Amino acid sequence: MFGFHYFTPTKVVFGKNTESQAADLIKEFGGTKVLIHYGGGSVVRSGLLKRVTDNLDAAGISYVALGGAVPNPRLGLVYEGIELCKKENVDFLLAVGGGSAIDSAKAIGYGVANEGDVWDFYDYKREAKGCLPLGVILTIAATGSEMSNSSVITKEEGLVKRGYSSDFGRPKFAIMNPELTMTLPDYQTACGCTDIMMHTMERYFTNGGNMEITDALAEGLLRTVKKNAVILRDNPKDYDARAEVMWAGSLAHNGLTGCGNDGGDWMTHKLEHELGGLYDVAHGAGLAAIWGSWARYVYKNCLPRFKRFALNVCEVEDKGTDEEIALRGIEAMEDFYRSINMPTNLRELGVNPTEDELVLMAHKCAVGVGGEMGSAKVLNEEAMLAIFRASV
Ligand code: NZQ
Ligand code: ZN
């Protein structure tokens, strides 16, 4: 067991109609001029944006709005947001949407609070010394960005998708109304459930230290999301299932399910970021498409954890050798992905990379992680390529 820091400063306001508390929360955290940042328009169509601006108007809070954060949010819009904030003297950011709007807002916040090019942080050249305060109204349960310290941005030039983590970027508050997620397309709901589970699985499959309490929380979270993902497949309007998944999304990525271990593996995410960067696929679907190939490549080096996962999360029969049990767990997980219409390889994901593209992705991935990375098994560029090839 390792020592750890656990820092979750985000005030969570959870439940029906909680978006009506946005203005009060902004005031509580000192905001006087707000940038409302959102995505491609779902919050306009659902009427949420109008409710939020009405709420701010009624409270006398002035604001400017910037939409257009796309899935795999782009650096160009971040620069635009930074300029807008400086011009309008914005002192508080309100992201209304999913991980893409939130991550884009975090990047804008770093850009306003620090001199120089904001991409430097995503390029691991230097550390941010601050971030504009940020609040969130969440519309999709997925990334956990509403409580996490990370932000993932894609630079258009070279399609480089990179994450940056800093506690300065943790939101001051997160408004979570499960009802707001009911307008999601079924595909995005399933992508979200996959991402939530993966954030816990990345922390679970390690060779470095574990705690019984952390494992119990992780396994409970995984079983809960697995069960409720199927409920939502059949009944997308089930409020309780929406709520279970939404809260799980935050707990899966606020550090709780990593306490006591070595920080986790994270290679499925790193591999997916190459797919997201190059082919613009939905993050959760990309994770599902690559996970089985990753798992089969590494499981022998992390057998006790794969066996435990098979028994306690996938609930396979405790029969046969440890390797047989572990493999049955991987198969059961892939069956689960299929059951919620998630892909289990690149073909099903809808991409068909050439050998040159596989080589390129493995190379960019290796550069992005500084050569090699992983805890279940340390992967170098050759291993990354082998996993990409196996996932075609
Ligand atoms: O853009 P709009 O029009 O809002 O539509 C979005 C988008 O098309 C739509 N949507 C969201 N809420 C909706 C809705 N449609 C109808 N009703 C609603 N209530 O869903 C689509 C996906 O939204 P997006 O914000 O892109 O999804 P997600 O939350 O999955 O974010 C994905 C991004 O976050 C990054 C991913 O790599 C990807 O770039 N990640 C961020 C992390 C973090 N900051 O901690 C960790 C993750 O591992 C991940 O890498
Ligand atoms: Zn993720």
Side-chain angles (χ1 to χ4, degrees), residues 10 19 37-49 67-75 77-78 95-107 109-110 122 134 136-155 159 161-167 169-171 174 176-203 236-237 242 245-246 249-250 252-255 264 266-277 279-288 290-291 368:
T10 307
E19 61 274 19
H37 194 41
Y38 59 97
S42 70
V43 299
V44 178
R45 289 189 294 279
S46 68
L48 174 61
L49 188 65
V70 291
N72 303 310
R74 299 293 199 260
L75 184 60
L77 189 71
V78 171
V96 186
S100 296
I102 303 169
D103 286 5
S104 184
K106 287 178 179 176
Y110 291 130
Y122 296 81
L134 165 84
V136 170
I137 301 178
L138 190 65
T139 64
I140 170 172
T143 64
S145 187
E146 66 278 5
M147 285 183 89
S148 84
N149 64 353
S150 36
S151 154
V152 187
I153 298 294
T154 298
K155 184 182 184 172
L159 293 173
K161 182 173 174 177
R162 290 272 177 80
Y164 177 60
S165 298
S166 159
D167 282 338
R170 288 192 195 264
M176 293 187 228
N177 173 359
E179 283 184 324
L180 297 180
T181 66
M182 288 185 187
T183 50
L184 277 167
D186 294 344
Y187 183 72
Q188 288 295 340
T189 298
C191 283
C193 291
T194 304
D195 193 22
I196 292 166
M197 293 183 75
M198 200 64 74
H199 291 157
T200 289
M201 287 153 68
E202 296 278 22
R203 293 171 167 92
K237 302 280 185 217
R242 289 278 175 199
V245 166
M246 194 171 222
S250 302
H253 206 32
N254 74 358
W266 293 104
M267 273 314 300
T268 308
H269 264 74
K270 295 295 178 189
L271 294 165
E272 189 290 324
H273 283 177
E274 297 311 321
L275 293 168
Y279 304 106
D280 219 6
V281 296
H283 173 62
L287 292 169
I290 203 84
W291 183 78

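Here the structure is a predicted model, which is why all the values come from computation and not from measurement. Each ligand, and each atom within it, is numbered from 1 in the order the structure gives.
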Looking only at protein heavy atoms, identify the closest one to [atom] and say how far it is in Å.
atom                    : value
atom 34 (O) of ligand 1 : Thr143 CG2, 3.3 Å
atom 22 (C) of ligand 1 : Gln188 OE1, 3.4 Å
atom 49 (C) of ligand 1 : His283 NE2, 3.3 Å
atom 5 (O) of ligand 1  : Ser42 OG, 3.8 Å
atom 37 (O) of ligand 1 : Lys161 NZ, 2.8 Å
atom 41 (C) of ligand 1 : Asp103 OD2, 3.0 Å
atom 1 (O) of ligand 1  : Gly40 N, 2.7 Å
atom 9 (C) of ligand 1  : Leu184 CD2, 4.4 Å

Which of the numbered atoms in ligand 1 are below 4.0 angstrom from a heavy atom of [X]?
X      : value
Gly41  : 3 (O)
Pro73  : 39 (O)
Thr183 : 16 (C), 17 (N), 18 (C), 19 (N)
Leu180 : 19 (N)
Pro71  : 7 (C), 8 (O), 26 (O)
Val152 : 40 (N), 41 (C), 50 (O)
Ser148 : 43 (C), 44 (N), 45 (O)
His273 : 37 (O), 50 (O)

**Request:** Using protein heavy atoms only, decide if any is under 4.0 Å from atom 45 (O) of ligand 1.
**Result:** yes
Looking only at N/O atoms, are [X] and ligand 1 under 3.5 Å apart anywhere?
X      : value
Gly39  : no
Val43  : no
Ala142 : no
Thr139 : yes
Thr181 : no

For ligand 1, is [X] a contact, meaning one of its heavy atoms is under 4.0 Å away?
X      : answer
Gly144 : no
Glu272 : no
Gly276 : no
Met182 : no

**Prompt:** Does any N or O in the side chain of Ser151 come within less than 3.5 Å of the main-chain N or O of Asp103, such that one atom is a donor and the other an acceptor?
**Reply:** yes
Note, [X] side chain near [Y] side chain (heavy atom, < 4.5 Å):
X      : Y      : value
Ser148 : His199 : no
Met246 : Glu179 : no
Asn72  : Arg74  : yes
Glu146 : Thr10  : no
Val78  : Pro73  : no
His269 : Glu272 : no
His253 : Thr143 : no
Arg242 : Leu184 : yes

**Prompt:** When you check the space around the Zn ion (ligand 2), which protein N, O or S atoms turn up under 2.8 Å?
**Reply:**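 The answer is Asp195 OD1, His199 NE2, His269 NE2, His283 NE2.
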**Message:** Between Asp280 and Leu159, is the side chain to side chain contact (heavy atoms under 4.5 Å, CB included) condition met? List the steps.
**Reply:** CA-CA 9 Å; Asp280 219 6; Leu159 293 173; over 6 Å; no
**Prompt:** Looking at Ala101 and Ala69, what are the two nearest heavy atoms and their distance?
**Reply:**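 Result for this residue pair: CA-CB, 3.9 Å.
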**Complete:** From the list His273, Arg162, His283, side-chain contact (heavy atoms from CB on, under 4.5 Å) with Val152 holds only for His273
**Request:** Hey, can you tell me if Tyr110 and Tyr122 have their rings parallel, tilted or perpendicular (30° and 60° cut-offs)?
**Result:**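 Aromatic pair Tyr110/Tyr122 classed perpendicular.
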